[in-house]
Amino acid sequence: MYFLCSSSPQMPRDIKDKPQSSKNMKRISLILLILIARQTFAQTKQVQTRIKQVENNLIPYVPVKGFKGWNILDRMKYYKVPGLSIAVIKDYKIEWAKGYGLADTLKKTPVTAETMFSAGSISKFLMAVTALKMVDNGQIDLNEPINHYLSSWKIAENDFTQKTPITLRMLLSHSAGTSQTSYFGFTPTEPLPTIVEVLSGAKIAQTRAVVVNSEPNKEFRYSGGGSMIAQLALMDVSKKSFAKLTEELLFAQLGMKNSTFEQPVPAKFSRQTAWAYSDASWFKGMPYVYPQQAAAGLYSTPSDLAKFFIDVQKSYLGKGKILSQAITKKMLTPQVNVSDGAYKEQMGIGPFLMQRTDNKDPKGVFFEFTGVNAGFLAYGMASVEGGNGVIVMLNSGDNQNGIGKEIRRAVAKVYNWTNFLPTEIQPINLPDKDLDELAGRYRMGTDEVLYLRKEKNYLVENINDGFEIYCFPISRDSLVFTDFNINGFFTRNTNGNVTGLQNIYQQKPMPKMKADEFSPSEYLKMGKYDEAKKAFAAMNMNEGQITYLAYDLTNRKPLNEKAVKTILEVATEQHPSSSMVYSRWGDLYLKLNDKATAIKNYQKALTLDPNDQQTKDILDNLQK
């Protein structure tokens, strides 16, 4: 850029030089603008190319050589996902963010990068960083007994806590031995409990009290209840509401303008919050409210969460806005093992840590959290080093291992994440005749059937009514299941006929079922109710199992009245003194708009169990 000099040292400037100098500067500015525009266009084109590659490269758990990736819109239809949103992190920046589908199917509101979703348990990670910021500030200590900081409520002392007092470190790493794995939320019309009522197990909370009921600091034990204890400690120390505390320490600092822990979600966000969708039998068809804020109460966007994940990455380098480098390195240091297998999963002080078991590269270590709330799913993952990551949020809560993880794998493939994807397998092409021999039904259990069907040059598996799993042959009698990178092999009799299928973890093969052999549920689907009744009766299910099956069938659409009655007849015969059985009869007749018979059955249930509060409440409503 030497030509930016305005004059030579031997030529003092005067008034006559100015017009020429002005022309040169304009010319230079124009050249610079053209160069910047060309560079920006080239970068934009590269990003657009990568977006298309991600959108068309959704893949199963195990990459398969030659297998064409799925399209994102096709997979949304397959999984019945109304809408989703993605933010991709590259080189410690958000490279792109984009919405797909509908935030509200009734209003036809499209998902945009500003659409807010319920983040579920990702809330716990943000709570942990808030806590660690207070540790940085000297307000609370990781290793002091947490009861020292609690004033509104205390952890009940018992043999476990007297031997090992519960600390903030244990609570954030899910190793405190605390109860209450998860929380299910409330419908918008229900009264909401306070945090103390949640922890105390008050009736309004609809959950039991949070207690320490296993040995602390021994092993990983996921606990939403433990997160609620940590939340209350932060509130008691700061003398602030949790929503205000996180706004001040996180959201304001990072420019996360589309994020809140307030529950219910404030009216100012109402136009940009997604509706919730689920096919689960218990789901009430609306977004739930989560007063259990630290455990499940966050609403956010992928872009806002990407800012948060990026700041953690930068803090690891000593360049973040929230945490010091020292506390970030502590946070991302494994505290307890979670699981081993193809991937090693551990718990840090807040996030999960994951890497391939054979990984030796620091850039192949990732921190992550998954959120599951009623009608919502959310995934956040980023590399500890290297500046890569992705956030995916959906307004469908039905399949944790579905499209969200397929998108994550697509991003990992397109952006070449270090050692993230499993090693690609090389399948072989079998003749159609051989594939046809392998296809069929294999009995996994009395009422559990594995179905294999031929599609193109591979096989597709599904278990009962589960989602499809793609299976690729690697020899004439063996294949790879691409959901968990497990090998399976087929057995044959002396005549060469396929007789069974066995994976490497099974002690014996799953026998191939004959054409006239059916499971109890298959009889039910076929409308052969007498055969179904005999088959289910032979299973001798306990009252919990059989009443849950009746509950599930009662809430399926469309309702199959005869199928539900078949199950309940078996339940009544085998568990005649069960209040749960008569409550399920009441549920069925309520669905059939037979109020009188419903009341009769609920009254019978209450006679058998006078302490059944849920049945009492239903009866009170019906008899008003």
Side-chain angles (χ1 to χ4, degrees), residues 180 183-187 189-191 193 201-209 278-286 288 374 446-447 464-465 519-624:
Q180 198 60 42
Y183 290 99
F184 298 102
F186 295 78
T187 56
T189 57
E190 291 180 283
K203 179 182 175 182
I204 189 175
Q206 301 180 28
T207 50
R208 293 177 180 175
S278 174
D279 286 335
S281 57
W282 49 264
F283 183 65
K284 303 299 183 184
M286 63 190 72
Y288 282 36
T446 305
D447 196 37
N464 287 359
D465 294 323
S519 71
S521 287
E522 286 178 324
Y523 279 127
L524 213 56
K525 286 180 187 174
M526 296 160 62
K528 295 187 175 183
Y529 300 110
D530 290 338
E531 291 89 339
K533 186 174 179 178
K534 290 176 185 176
F536 277 113
M539 289 178 67
N540 287 313
M541 290 184 278
N542 63 42
E543 63 174 329
Q545 292 170 326
I546 198 163
T547 53
Y548 180 80
L549 176 58
Y551 172 83
D552 185 54
L553 290 171
T554 300
N555 288 281
R556 287 187 189 178
K557 297 176 182 177
L559 172 64
N560 184 336
E561 179 185 344
K562 290 195 75 172
V564 181
K565 284 184 174 179
T566 298
I567 298 302
L568 287 175
E569 285 167 5
V570 174
T572 306
E573 290 170 7
Q574 296 187 338
H575 305 283
S577 299
S578 168
S579 65
M580 287 195 292
V581 171
Y582 287 97
S583 288
R584 298 296 80 80
W585 275 113
D587 294 344
L588 173 61
Y589 283 111
L590 205 55
K591 280 273 185 182
L592 297 172
N593 295 314
D594 186 346
K595 186 176 175 181
T597 309
I599 289 174
K600 181 181 176 182
N601 279 279
Y602 285 131
Q603 287 173 334
K604 175 71 172 177
L606 209 53
T607 301
L608 292 167
D609 182 6
N611 297 316
D612 185 347
Q613 188 61 47
Q614 186 178 18
T615 299
K616 279 183 185 178
D617 293 340
I618 294 172
L619 267 175
D620 287 344
N621 288 328
L622 287 174
Q623 293 174 331
K624 281 180 181 177

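These numbers were taken from a predicted model, which means no experiment stands behind them.
- Taking all atoms of both residues into account, the shortest heavy-atom contact from Pro520 to Thr446 is CD-O, 3.2 Å.
- Here CG of Leu588 is found 6.5 Å from CG of Leu559. Values are rounded to the nearest 0.5 Å.
- For Phe186 against Ala205, the heavy-atom pair with the smallest separation is CZ-O, 3.5 Å.
- One distance of note links CD1 of Ile567 with OG1 of Thr547; it measures 11.5 Å at 0.5 Å rounding.
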Might you work through the side chain to side chain contact (heavy atoms under 4.5 Å, CB included) test for Tyr582 and Thr607, ending with a clear yes or no? CA-CA 10 Å; Tyr582 287 97; Thr607 301; over 6 Å; no
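- Atom CG of Leu606 is separated from atom CG of Asn611 by 9.0 Å, given to the nearest 0.5 angstrom.
- Heavy atoms only, all atoms of each residue included: His575 and Met541 are closest at NE2-O, 2.9 Å.
- Counting heavy atoms from C-beta on, the side chains of Asp612 and Ser583 come closer than 4.5 Å.
- Among residue pairs with one or both ends in residues 522-554, those qualifying as ring-ring contact (aromatic ring centres under 6.0 Å, His included) are Phe518-Tyr523; sequence neighbours excluded.
- Taking the charged nitrogens against the carboxylate oxygens, Lys284 and Glu190 have no contact shorter than 4.0 Å, which rules out a salt bridge.
- To the nearest 0.5 Å, atom OG1 of residue Thr554 and atom CH2 of residue Trp585 are 9.5 Å apart.
- Closest non-hydrogen pair, Ile204 versus Pro193, comes out as CG2-CB, 3.7 Å.
- The closest donor-acceptor contact from the side chain of Asn560 to the backbone of Lys525 lies at 3.5 Å or more, if one exists at all.
- Nearest heavy atom pair, residue Ala563 against residue Leu524, reads CB-CG, 3.8 Å.
- Taking Tyr288 as the reference, Phe283 meet the ring pair (Phe, Tyr, Trp, His ring centres under 6.0 Å) condition, with sequence neighbours excluded.
- Atom CD1 of Ile599 sits about 11.5 Å away from atom CD1 of Ile618, to the nearest 0.5 Å.
- Ser579 and Asp609 get closest at one heavy-atom pair: OG-CB, 3.4 Å.
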Which is it for Glu531 and Met526 under the side chain to side chain contact (heavy atoms under 4.5 Å, CB included) test, yes or no, and what are the steps along the way? CA-CA 10 Å; Glu531 291 89 339; Met526 296 160 62; over 6 Å; no
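- Salt bridge status for Asp587 with Arg584: present, with a side-chain N to carboxylate O gap under 4.0 Å.
- Around NZ of Lys616, the count of heavy atoms belonging to other residues, nucleotides or ligands within 6.0 Å exceeds 12.
- Between atom CD of residue Gln613 and atom CG of residue Asp620 there is a gap of 8.0 Å, rounded to the nearest 0.5 Å.
- Here the side chain of Lys595 pairs a donor or acceptor atom with the backbone of Leu622 at under 3.5 angstrom.
- Contact check for Ile546 versus Met580: no side-chain heavy atoms found under the 4.5 Å cut-off.
- Side chain of Gln574 to backbone of Ala537: a donor-acceptor contact under 3.5 angstrom is found.
- The environment of Gln614 atom CD is sparse: at most 12 non-hydrogen atoms of other residues, nucleotides or ligands sit within 6.0 angstrom.
- Side-chain contact between Leu549 and Met539 is absent, with no heavy-atom pair separated by less than 4.5 Å.
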